[in-house]
Number of protein chains: 2
Amino acid sequence: MARVGLTPDRLARAGAELADEIGFDQVSASALARRFGVQVASLYAHVRGAHDLRSRIAQVALDEMADRAAEALAGRAGHDALVALATVYRDYAREHPGRYAASQYRVDPGSPAVDAGRRHTELTRAVLRGYNLDEPAQTDAIRLLGSVFNGYIGLELGGSFAHSSPASDESWPRILDALDSLLRSWTKS
Amino acid sequence: MARVGLTPDRLARAGAELADEIGFDQVSASALARRFGVQVASLYAHVRGAHDLRSRIAQVALDEMADRAAEALAGRAGHDALVALATVYRDYAREHPGRYAASQYRVDPGSPAVDAGRRHTELTRAVLRGYNLDEPAQTDAIRLLGSVFNGYIGLELGGSFAHSSPASDESWPRILDALDSLLRSWTKS
DNA sequence: TGCACAAACCTAAAGGCTTTAGGCAACCGA
DNA sequence: TCGGTTGCCTAAAGCCTTTAGGTTTGTGCA
């Protein structure tokens, strides 16, 4: 009965890896316990249950994405910053589909993952600094960008763009250019 | 042992109702069997399994949305058509959150739900007729609109817009106006 | 009318996931 | 080194999925 050294954090990180390997919705306390060579019930000393586990994985993903985004945005503005942020999300989703799926998990209010969400909002707001938008247009624009990123990546990952041309890789930069030009002329619309 | 009259179709429709009541991911063969007052195993004569059941519910939702969209688009063009299509999706999602969630279910290639997806693409293409876009811009625009609709509704339903002003109801029409103006000037971007 | 066959629904059972309760053992501080 | 806390274990109940095989119901044809 050697101790493995489980902690909520290690479970969440291992869960994130597992999600990338077998898909987020296949991640279960059982599968995770198996991976640690431990009985399922042992996990319940560290995590409140399956929902708690999934929420923690979501948080891992949201934090990782925000870290990458913050790094990518440093020293960039305008079109450059927009493309950088968009690229971070899309690349992350392609590298880590399970984690990305986790980041979409409905987490309940009061959870620390809500703060991670706020961080993403602020990063998007930072991108918009280059476009000089006043409220409420700025909030509208944040919501638009969030919608496009989430929406495009979700559809692409789901294969919706796989069987038509042009390739999804080609649409993406053109759509970002269009958004850039939209943001530059937002007030005139 | 009165026969209830199960069919794949009735199961799918009842599953759609159940999804709106308890949430799509809570829909199970068990819950559905309970609702029909029937043993679980009986369902397996009509659906291949849980995945098949969920796919059929997804199809019900996609078809219903496409029907509504087709009706809403009749006789409309340009900005009017854009708003009409967007409104159909958003209203449907708010009236039937479970069904809407079902419509996002990853259905496997070859399934008839793929055709339903194509129908939505064509409806979006119809909206774009009012904007005179050539390929590949037209496909880009279809993908952009799909992304915004899916993305915005998903975030809104998840509560991402609930705790900031302006209200989500106010951002939505302004975002649609911005998209309209983007589409009108797409080639110039 | 009556019979035969197909379909609809049933019971039984195996296997997996979640969660709770209670027990033993390993580690840490005194 | 000893006591307590914590980490992991066994046991067990409850729910979901899926398969196998039985029985009833209803329909169509003679």
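Chain letters run A, B, ... following the sequence lines, proteins first, then strands; residues in each count from 1.
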| With sequence neighbours excluded, residues passing ring-ring contact (aromatic ring centres under 6.0 Å, His included) with B:H120 | B:Y89

| Please give, in whole Å, the distance from C:dA8 C1' to B:L6 CG? | 8 Å

| request: Compare side-chain N and O positions of B:H46 against OP1 and OP2 of C:dA7 and report whether any pair is under 4.0 Å apart. | output: no

| query | Using 4.0 Å as the upper bound for N to carboxylate O, is an ion pair formed by A:R90 and A:D169? | reply | yes

| task | Measure the distance from CG on A:L11 to P on C:dT18 and round it to the nearest whole Å. | result | 13 Å

| message | In this structure, how many angstroms lie between the C1' atom of C:dC24 and the CZ atom of A:R3, rounded? | response | 10 Å

| said: Just the rounded figure in Å: distance from P of D:dG7 to CZ of A:F36. | reply: 14 Å

| query | Is A:S42 near enough to D:dC9 that one of its side-chain N or O atoms lies under 4.0 angstrom from OP1 or OP2? | reply | yes

| field | Greater than 12 external heavy atoms within 6.0 Å of B:E71's CD | value | no

| said: Base contacts versus sugar-phosphate-only contacts with protein, heavy atoms under 4.0 Å: please encode nucleotides 16-22 of chain D as B, S and - from 5' to 3'. | reply: SBBBB--

| query | Given atom CD of B:Q39 and atom P of D:dC15, what is their separation to the nearest angstrom? | reply | 14 Å

| request: Could you tell me the separation between the CD atom of A:Q26 and the P atom of C:dT18, rounded to a whole number of Å? | output: 11 Å

| Partners passing ring-ring contact (aromatic ring centres under 6.0 Å, His included) against A:F24 (at least two apart in sequence or in another chain) | A:Y105

| query | What is the distance from atom OG of B:S103 to atom CD of B:E64, rounded to the nearest 0.5 Å? | reply | 10.5 Å

| Between atom CG in B:L32 and atom C1' in D:dC15, what is the gap in whole Å? | 16 Å

| note | Nearest heavy-atom approach of B:A137 to B:L133 is O-CD1, 4.3 Å

